[in-house]
There are 2 protein chains.
Amino acid sequence: MAAKRPGEAGVRRQERGRRRMQEILDAAEAVIAETGYEDATTNAIAARAGVSPGSLYQFFRNKDEILEALVQVFTERSRDFWHTRLDADTALLPLDELLDRIVHAMAVFKDERPAYWVLFHGSPTSARLARASEELHAGVAARLRTVFLWRVPGLPEERLDLLAKVSIATATGVFPLVMSAEGEQRGRVLAELKGMLLSYLGPVVGFGAVPRPVPAPAPTPAPPVT
Amino acid sequence: MAAKRPGEAGVRRQERGRRRMQEILDAAEAVIAETGYEDATTNAIAARAGVSPGSLYQFFRNKDEILEALVQVFTERSRDFWHTRLDADTALLPLDELLDRIVHAMAVFKDERPAYWVLFHGSPTSARLARASEELHAGVAARLRTVFLWRVPGLPEERLDLLAKVSIATATGVFPLVMSAEGEQRGRVLAELKGMLLSYLGPVVGFGAVPRPVPAPAPTPAPPVT
DNA sequence: GACGAACACGAACGATTGCTCGTACTTTGA
DNA sequence: TCAAAGTACGAGCAATCGTTCGTGTTCGTC
């Protein structure tokens, strides 16, 4: 007889089980990257993971719970990614160079993790994905706020939030255009995106390099690096 | 016995039939607006139209053909909409005023035709909707190119195209943010969008009002007004 | 008024999908 | 060593959805 509900707390996962969960999440990522979330069948995910459909439900209560777990993984991964790429020194660079790095990093991350992009972009027309993308956006927005704050220490919370959100929304909107462009054209579209963000952000966070304002302790505590 | 395949050419539609087709399209629009395209059931559309599921297939071969027809309707509707709102005189206004009208018109159209927005925004993560949104974007892009050309007659085709596409992509990206904002905040986000487009487009198409360049005949033939 | 075509109905088919269930093997811990 | 819990299987259930089909009604035309 089955002992306990799988998603419930109080299930003492064995080593083998934890490995399986990871395999399933990896499979889900791959399938989602190929077919999109709505078309990613639970059976397809199970097959991709080399596992029977039933086993899938030993670890996740339903399909949505897989999405949730994946979003959590991506949130952490994205946080680490941006933390290493957007440190205090980088933030103080001339704005165009900073944007260059950000936009370039986005492209890299997108190529490396296609499923991330699917969830990150998850359109507002799909209720299920809307929450996932919101969560992923929030993670990036938090980092952007910190970067902006490094450049302009006095910026009020509300303004920071708006700047970050609008910047992300812009990039989210333009990026499909970037990815659908071929060869040379892609660079040109990327340049437009950078130019747009530059002229939008410049007047607020400054175009040039920013001098170290204070030798005081860091404004935000460093997160644990993994 | 059933006479002919319904979607096929050579079906002599009666008055009643043409009315039914319109009712079905209206129903599809309403259902899509409420649930999104993927979740818009053919049965739900039929029920909404006050028609049996079978009758639906008297007029459309399958669900995708309904989408196609709807896209076509929207393309025409959108063309008329922007043609009346973005005429030659409007195009020569100071840029910030022009943008004000464009962005405001978008919001109006979105409120009036929620389903249009669903298809227009159709994310690149859904293969089916991608084509639909591309088609709708193309329609708006054509009008934007004309507007830009009115302001800067010498602008090369390629540049025009890029400007139009990037502008639309930006608006597409930021608009969900606009619509999710409440009350006062919405105006603030809209202002950001306008500011961004202003600083992006200004250097190319000019910030101020544009004087009538030539009293020559209109550069594009006026479309038939309905 | 009669014939064919268009219109209309709605039960039900076939395919798909998320998920369950009965069963059996493996690991853990006492 | 042995029972309880964890892991694994895969056939198949239940529900949904797009679509078909047999039948009956209305309309256009002569």
Side-chain angles (χ1 to χ4, degrees), chain A residues 1-25 27-28 31-32 34-70 126-129, chain B residues 1-25 27-28 31-32 34-70 126-129:
Chain A
M1 210 175 289
K4 245 175 209 172
R5 294 279 148 250
E8 219 70 72
V11 197
R12 305 183 13 150
R13 293 264 165 250
Q14 301 174 187
E15 172 62 24
R16 181 171 47 144
R18 262 175 275 124
R19 218 182 311 131
R20 271 274 183 269
M21 288 186 73
Q22 191 54 53
E23 283 167 9
I24 291 171
L25 286 180
V31 175
I32 286 175
E34 283 167 14
T35 64
Y37 177 70
E38 310 283 355
D39 289 339
T41 309
T42 51
N43 286 358
I45 294 174
R48 179 74 160 237
V51 149
S52 92
S55 290
L56 209 155
Y57 292 88
Q58 291 276 346
F59 305 103
F60 303 97
R61 261 196 291 246
N62 51 48
K63 194 186 171 186
D64 279 332
E65 207 171 73
I66 299 178
L67 175 65
E68 264 178 54
L70 208 52
S126 162
R128 270 181 288 280
L129 284 187
Chain B
M1 209 173 285
K4 245 175 206 166
R5 292 279 148 250
E8 218 74 66
V11 197
R12 305 185 9 156
R13 292 266 163 248
Q14 302 174 188
E15 171 62 24
R16 180 171 47 145
R18 262 175 272 125
R19 218 182 311 133
R20 270 275 185 268
M21 288 186 74
Q22 191 53 55
E23 284 167 7
I24 290 170
L25 286 179
V31 175
I32 287 175
E34 283 168 15
T35 65
Y37 178 70
E38 311 283 355
D39 289 339
T41 308
T42 50
N43 287 357
I45 294 174
R48 181 76 159 235
V51 151
S52 93
S55 291
L56 209 153
Y57 292 87
Q58 291 275 347
F59 307 102
F60 303 95
R61 261 197 289 251
N62 51 48
K63 192 185 172 186
D64 279 333
E65 207 172 71
I66 298 179
L67 175 64
E68 264 178 55
L70 209 51
S126 163
R128 269 181 288 278
L129 284 187

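Here is the naming used below: chain letters follow the sequence lines, and residue numbers restart at 1 for every chain.
- When all heavy atoms of A:Val31 and A:Ala40 are compared, the pair lying nearest together is CG1-CB, 3.8 Å.
- Between A:Gln58 atom CD and C:dC25 atom C1' there is a gap of 12 Å when expressed in whole angstrom units.
- In this model, the phosphate group of D:dA8 is approached by a side-chain N or O of A:Arg20 to a distance below 4.0 Å at OP1 or OP2.
- Rounded to an integer number of Å, the gap from CD1 of B:Ile24 to P of D:dT19 is 13 Å.
- Between atom CD of residue B:Glu38 and atom CG of residue B:Leu129 there is a gap of 5.5 Å, rounded to the nearest 0.5 Å.
- With B:Tyr37 as the aromatic partner, B:Lys63 meets the cation-pi criteria of under 6.0 angstrom to the ring centre and within 45 degrees of the ring axis.
- A side-chain donor-acceptor contact under 3.5 Å links B:Ser52 to the backbone of B:Gly54.
- Whole-Å rounding puts the B:Leu56 CG to C:dC7 P distance at 13 Å.
- Rounded to whole angstrom, the span from the CZ atom of B:Arg13 across to the C1' atom of D:dG28 amounts to 15 Å.
- For A:Arg18 and D:dG6, the shortest distance from a side-chain N or O to OP1 or OP2 is not below 4.0 Å.
- With DNA chain D read from its 5' end, the first of the two nearest nucleotides for B:Glu15 and B:Glu38 is the one closest to B:Glu38.
- Taking the side chain of B:Val51 as heavy atoms from C-beta on, and the options D:dT7, C:dA8, C:dC9, the nearest nucleotide is C:dC9.
- Between A:Tyr57 atom OH and D:dA8 atom P there is a gap of 16 Å when expressed in whole angstrom units.
- In this structure, B:Thr42 reaches the D:dG18 phosphate: one of its side-chain N or O atoms is under 4.0 Å from OP1 or OP2.
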Shorter than 3.5 Å, N or O on both sides, protein versus nucleotides 10-16 of chain C: list them out with atom names.
| from | atom 1 | to | atom 2 | distance (Å) |
| --- | --- | --- | --- | --- |
| C:dG10 | N7 | B:Ser52 | OG | 3.1 |

Salt bridge (Lys or Arg N to Asp or Glu O under 4.0 Å), that's the test. Do B:Glu34 and B:Arg48 meet it? Break it down for me.
CA-CA 12 Å; B:Glu34 283 168 15; B:Arg48 181 76 159 235; 3.0 Å; yes
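- Nearest approach of A:Ala27 to A:Ile45, heavy atoms of both residues: CB-O, 3.5 Å.
- One can place CZ of A:Arg12 at 11 Å from C1' of C:dT27, the figure rounded to the nearest angstrom.
- Residue B:Met21 contributes atom CE, which lies 12 Å from atom P of C:dA8 at whole-angstrom precision.
- Nearest heavy-atom pair across A:Ala46 and A:Leu56 is CB-CD1, 3.7 Å.
- Between the P atom of C:dT17 and the CG atom of A:Asn62 lies a distance of 17 Å, rounded to the nearest Å.
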